[in-house]
Amino acid sequence: MKAWVLHGVNDIRLEELEQPSVGKDEVLVSVKACGICGSDIPRIYSTGAHKMPLIPGHEFAGEVVKAGNRVDHALLGKRVGVFPLIPCRTCAACSRTKYELCDHYDYLGSRRNGAFAEYVAVPAWNLLELPDTVPYEAAAMLEPMAVAVHAMRRVPIQNSDAVLVYGAGTIGILLTMFLLARKRATVFVIGNKPFQKEMLMKVGLPESHFCDGTAADTASWIQAKTQGQGADAVFECVGKNDTIAQSLQCVRPEGYVCMIGNPRADLFLDKEIYWRILRKQITVTGTWNSSFQKAADDDWGYVIQNLRQNTIHPQKLITHILSIDHLEEGLHIMRDKTQSHVKIMMVAQ
């Protein structure tokens, strides 16, 4: 098979490898679509992975083509999405089925070989069978969609609340899409590019609900939109000192700020911002990954339900489709920011 192998920082190569063997509880998935995540870029070009050589790629969907001897062979030929986190099943978090909080997890594409390849070995437990109506390209976005849903569910959002999404990258746009689909709140977004505004309008955000954070005082803007109250909840999707501080300025007293953005560097709070948390009794919460319990009401089940009901349309966010031979072009676009993009995806030819 063909696979992109990360040998070291800034050393990724397209190679011919043997197909992975499958363990007794694993299946072999033929990769039909795989998205490039923003976290793949530092992993490949600056920080490296936990283990190398490694095949990156954790946002994917495909077809089961081989099954281990303890796996139900009825899975053969099934179309599947894949939860990339492999829990230990023995720690305290796993005992509470909080697998996203596992202390000793493994992870496809960062700790073991992932899906920048034609085939990948996957524990059968990590599979989610796809409805026939869900195309592989949409299913390859299950993971980032579930991350957005997990964040949304971390905050008690009431009818008529004003919700602010701070940051309009992939997760910010997906979160906006789900908030709009739920029809429970008035949604506002702060971004920094005209292209982001264009993509947000594609998923249903009114033009007047977008603020260019480079051209306006964000706290004043959201105050004006909320009759001077501020947002009831803010989702911080950037992970920088200034955007975190601004998010805390944008939220109303006794409001919620949910941190989603991966940190770009060390983070610090100015004393005045810390005082604001205390004196305005702001609730600050964090979120990471998503809940997957093979249940209809977990985050992945919620996404599948919305896809089945046609209330969300993630394919609108796919800006580039590449073959495996040209995957590195997508990595360079994201690394060098040479083209406007949201989701760049590798699709089997």
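As the structure is a prediction and not an experimental result, all values here were calculated from the model.
Panel note: side chain Thr285, backbone Cys258; no donor-acceptor pair is recorded below 3.5 Å. Judged purely by atom type and a 3.5 angstrom limit, Gln349 uses its side chain to pair as donor or acceptor with the backbone of Val347. Formation of a donor-acceptor pair under 3.5 Å by the Asp298 side chain with backbone atoms of Gln293 is found in this model. With Arg154 contributing its side chain and Gly286 its backbone, the two residues share a donor-acceptor pair below 3.5 Å. Panel note: side chain Asn113, backbone Ile55; a donor-acceptor pair is recorded below 3.5 Å. Under a 3.5 Å cut-off, the side chain of Asp270 and the backbone N or O of Glu272 do not form any donor-acceptor pair. Formation of a donor-acceptor pair under 3.5 Å by the Thr319 side chain with backbone atoms of Val342 is found in this model. Side chain of Asp232 to main chain of Val163: no donor-acceptor pair is present (N/O by atom type, distance under 3.5 Å, no hydrogens or angles). Side chain of Arg184 to backbone of Leu179: no donor-acceptor contact under 3.5 angstrom is found. Here the side chain of Asp299 pairs no donor or acceptor atom with the backbone of Phe292 at under 3.5 angstrom.
Counting heavy atoms from C-beta on, the side chains of Arg182 and Met152 come closer than 4.5 Å. With contacts defined as side-chain heavy-atom distances shorter than 4.5 Å, the pair Val303/Ser290 does not qualify. With a 4.5 Å cut-off on side-chain heavy atoms, Met141 and Ile318 count as touching. No side-chain heavy atom of Met346 sits under 4.5 Å from any side-chain heavy atom of Ile36. In this structure, Cys211 and Phe188 have side chains that are not in contact, with every pair of non-hydrogen atoms separated by 4.5 Å or more. With contacts defined as side-chain heavy-atom distances shorter than 4.5 Å, the pair Lys24/Asn69 qualifies. In this structure the side chain of Lys202 never reaches within 4.5 angstrom of the side chain of Leu317, judged on heavy atoms. A heavy-atom distance below 4.5 Å is found between the side chains of Leu127 and Val82.
In this structure, the separation between CZ on Arg252 and CD1 on Ile222 is 12.5 Å, given to the nearest 0.5 Å. Taken to the nearest 0.5 Å, the OG atom of Ser30 stands 12.5 Å off from the CZ atom of Arg79. How far NZ of Lys225 is from OG of Ser208: 4.5 Å, rounded to the nearest 0.5 Å. Here the straight-line distance linking atom OG of Ser95 with atom CZ of Arg89 works out to 12.5 Å at 0.5 Å rounding. To the nearest 0.5 Å, atoms OG (Ser340) and CD (Gln196) are separated by 9.0 Å. Here Leu205 contributes atom CG and Thr176 contributes atom OG1; the two are 6.5 Å apart, rounded to the nearest 0.5 Å.
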Begin from the C-alpha positions of Tyr105 and Trp288 and carry the test ring-ring contact (aromatic ring centres under 6.0 Å, His included) through to its verdict. CA-CA 13 Å; Tyr105 66 89; Trp288 187 75; 5.7 Å; yes
For a side chain to side chain contact (heavy atoms under 4.5 Å, CB included) check, start with the C-alpha distance between Val80 and Val122, then their side-chain angles and the critical distance, and finish with the verdict. CA-CA 11 Å; Val80 294; Val122 175; over 6 Å; no
Can you list the steps and then say if Leu142 with Leu130 is a side chain to side chain contact (heavy atoms under 4.5 Å, CB included)? CA-CA 10 Å; Leu142 280 169; Leu130 301 174; 3.9 Å; yes
CA sep, side-chain torsions, deciding dist, call: Asp106, Arg111, salt bridge (charged side-chain N to carboxylate O under 4.0 Å, His left out): CA-CA 6 Å; Asp106 209 346; Arg111 297 172 184 243; 5.7 Å; no
List the steps and the verdict of side chain to side chain contact (heavy atoms under 4.5 Å, CB included) for Asn289 and Phe83. CA-CA 10 Å; Asn289 215 285; Phe83 179 58; 3.6 Å; yes
Is there a side chain to side chain contact (heavy atoms under 4.5 Å, CB included) between Gln339 and His320 once you walk through the steps? CA-CA 10 Å; Gln339 298 179 32; His320 298 73; 2.9 Å; yes
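No chain of hydrophobic side-chain contacts below 4.5 Å, direct or via other Ile, Leu, Val, Met, Phe, Trp or Tyr residues, connects Leu54 to Ile41. A single hydrophobic cluster is seen to contain both Met199 and Leu175, as judged by linkage of ILVMFWY side chains at heavy-atom distances under 4.5 Å, directly or through other members. Tracing side-chain contacts under 4.5 Å through hydrophobic residues (I, L, V, M, F, W, Y), one reaches Ile86 starting from Val71; they form part of the same cluster. Linking ILVMFWY residues whenever their side-chain heavy atoms come closer than 4.5 Å, directly or via other members, places Leu174 and Val187 in the same cluster. Phe235 and Val284 are not part of a single hydrophobic cluster, where members link through side-chain heavy atoms under 4.5 Å apart.
In this model, a donor atom of one side chain and an acceptor atom of the other lie less than 3.5 Å apart for Asn306 and Thr311. With 3.5 Å as the limit, one finds a donor-acceptor pair spanning the side chains of Glu236 and Thr243.
Between Ala168 and Leu200, the closest heavy-atom pair is CB-CD1, 3.9 Å. Between Val9 and Thr47, the shortest heavy-atom contact is CG2-C, 4.0 Å. Scanning both residues, Val165 and Cys237, for their nearest heavy atoms gives CG1-SG, 4.0 Å. The minimum heavy-atom distance between Cys37 and His58, with the atom names listed, is CB-CE1, 3.5 Å. When all heavy atoms of Lys294 and Ala124 are compared, the pair lying nearest together is NZ-O, 4.1 Å. The two residues Ala138 and Met145 have their closest heavy-atom pair at O-CE, 3.6 Å.
Summarising the local packing, NZ of Lys240 is surrounded by 12 or fewer heavy atoms from other residues, nucleotides or ligands at distances under 6.0 Å. When the shell of 6.0 Å around CD of Glu18 is examined, it contains 12 or fewer heavy atoms from other residues, nucleotides or ligands. Within a 6.0 Å sphere centred on CG of Asp132, heavy atoms belonging to other residues, nucleotides or ligands number 12 at most.
When each of Val149, Asp297, Leu307 is tested with Tyr302 by the rule side-chain contact (heavy atoms from CB on, under 4.5 Å), just one qualifies, namely Val149.
Here Arg112 pairs with Glu26 in a salt bridge; the nearest charged N to carboxylate O distance falls below 4.0 Å.
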Hey, can you pull the donor-acceptor pairs under 3.5 Å for the side chains in residues 321-335, sequence neighbours left out?
| unit_1 | atom_1 | unit_2 | atom_2 | d |
| --- | --- | --- | --- | --- |
| Ser323 | OG | Asp325 | N | 3.4 |
| Asp325 | OD1 | Lys2 | NZ | 2.9 |
| Asp325 | OD2 | Lys2 | NZ | 3.3 |
| His326 | ND1 | Glu329 | OE2 | 2.7 |

